[in-house]
Amino acid sequence: MGKALMEAEIAFEKDEVPVGAVIVYEDQVIARAHNQIKTLKDPTAHAEMIAITQASTYLKNERLKDCDVYVTIEPCPMCAGAMVLARIRNLYYAARDPKSGAAGSVMNILQNNSLNHKVKIIPGILKDQSSSFIQEFFRKKRANARN
């Protein structure tokens, strides 16, 4: 999760929502990414989506069944859906997302009985560090909007 937080810091410095993701396969980091929505002018350029693409390229396979994802905030519905489609084994996330979290906060796509794959969810890892990044980012945004 520390590496995911480092990615979130890169996003923060680029004025992107500070979310970072890392994908691990056989105890090795094979993908790392941060949000790049504004940079790439792409609403799908979430850290998780970019990392899944990198991991699939690395493994030369669209199925990431023996991979674990570490992300600094609970995935949104798009990212959770991509994790199911990729057959991710485990999701470790730091902070909950009470507005759009799709790993249990608002909904749970990752363990939906109607879908053909379930991802094991391990929440709360380094949640305070991740939450402080997000809070600081939006505090700065609100202060800049007032000025």
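Below, each value reflects all heavy atoms present in this structure, side chains not excepted, and no hydrogens, waters or symmetry copies.
A33 and A51 get closest at one heavy-atom pair: CB-N, 3.8 Å. For A21 against V71, the heavy-atom pair with the smallest separation is CB-CG2, 4.1 Å. Pairing each heavy atom of P98 with each of V106, the nearest pair is O-CG2, 3.4 Å. Contact detail for I52 and A86: the closest heavy-atom pair is CG2-CB, 4.3 Å. A pairwise comparison of heavy atoms in A55 and I23 identifies CB-CD1, 3.8 Å as the closest pair. The shortest non-hydrogen separation linking L40 to A45 is CD1-CB, 4.0 Å.
With N112 contributing its side chain and S114 its backbone, the two residues share a donor-acceptor pair below 3.5 Å. Under the 3.5 Å distance criterion, the side-chain polar atoms of N35 are matched with a main-chain donor or acceptor of A47. R89 contributes a side-chain N or O that, together with a main-chain N or O of D66, makes up a donor-acceptor pair within less than 3.5 Å. Side-chain atoms of S132 come within 3.5 Å of backbone atoms of Q129 as a donor-acceptor pair (strictly under, hydrogens ignored). Judged purely by atom type and a 3.5 angstrom limit, H34 has no side-chain atom pairing as donor or acceptor with the backbone of F12.
Atom CE of M83 sits about 6.5 Å away from atom CG of L110, to the nearest 0.5 Å. Of the inter-residue distances, the one linking M107 atom CE with S100 atom OG reads 8.0 Å to the nearest 0.5 angstrom. To the nearest 0.5 Å, the span separating CD1 on I88 from CD1 on I121 amounts to 13.0 Å. In this structure, E7 CD and T72 OG1 are separated by 10.0 Å, a value rounded to the nearest 0.5 Å. Atom CD1 of I37 sits about 3.5 Å away from atom NE2 of H46, to the nearest 0.5 Å. Taking CD1 of I134 as the start and NZ of K127 as the end, the distance is 15.0 Å to the nearest 0.5 Å.
Sorted by first and then second residue, the pairs that involve residues 57-100 and meet ring pair (Phe, Tyr, Trp, His ring centres under 6.0 Å), not counting sequence neighbours, are Y70-Y92. Within the structure, the salt bridge (charged side-chain N to carboxylate O under 4.0 Å, His left out) test picks out the following pairs touching residues 31-60 (sequence neighbours left out): D15-K38.
Contact check for C79 versus M49: side-chain heavy atoms found under the 4.5 Å cut-off.
Around the NZ atom of K118, the shell of radius 6.0 Å holds more than 12 heavy atoms that belong to other residues, nucleotides or ligands.
The cluster map of Ile, Leu, Val, Met, Phe, Trp and Tyr, joined by side-chain heavy atoms under 4.5 Å apart, puts M78 and L64 in different clusters. Residues M1 and V29 share a hydrophobic cluster, clusters being chains of Ile/Leu/Val/Met/Phe/Trp/Tyr side chains in contact below 4.5 Å. Residues Y25 and V22 share a single hydrophobic cluster, defined by chaining ILVMFWY side chains whose heavy atoms lie under 4.5 Å apart. A continuous path of ILVMFWY side-chain contacts below 4.5 Å connects L126 to I122, so both sit in one hydrophobic cluster.
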**Residue pair I10, Q36: steps toward the side-chain contact (heavy atoms from CB on, under 4.5 Å) verdict** = CA-CA 10 Å; I10 294 168; Q36 296 184 55; over 6 Å; no
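Checking L91, V119, V24 one by one against V69, the side-chain contact (heavy atoms from CB on, under 4.5 Å) holds for a single residue, L91. For the side-chain contact (heavy atoms from CB on, under 4.5 Å) with S130, the qualifying choice from L5, I125, V19 is L5, the only one to do so.
Under the side chain to side chain contact (heavy atoms under 4.5 Å, CB included) criterion, E62 pairs with no residue at all, not counting sequence neighbours.
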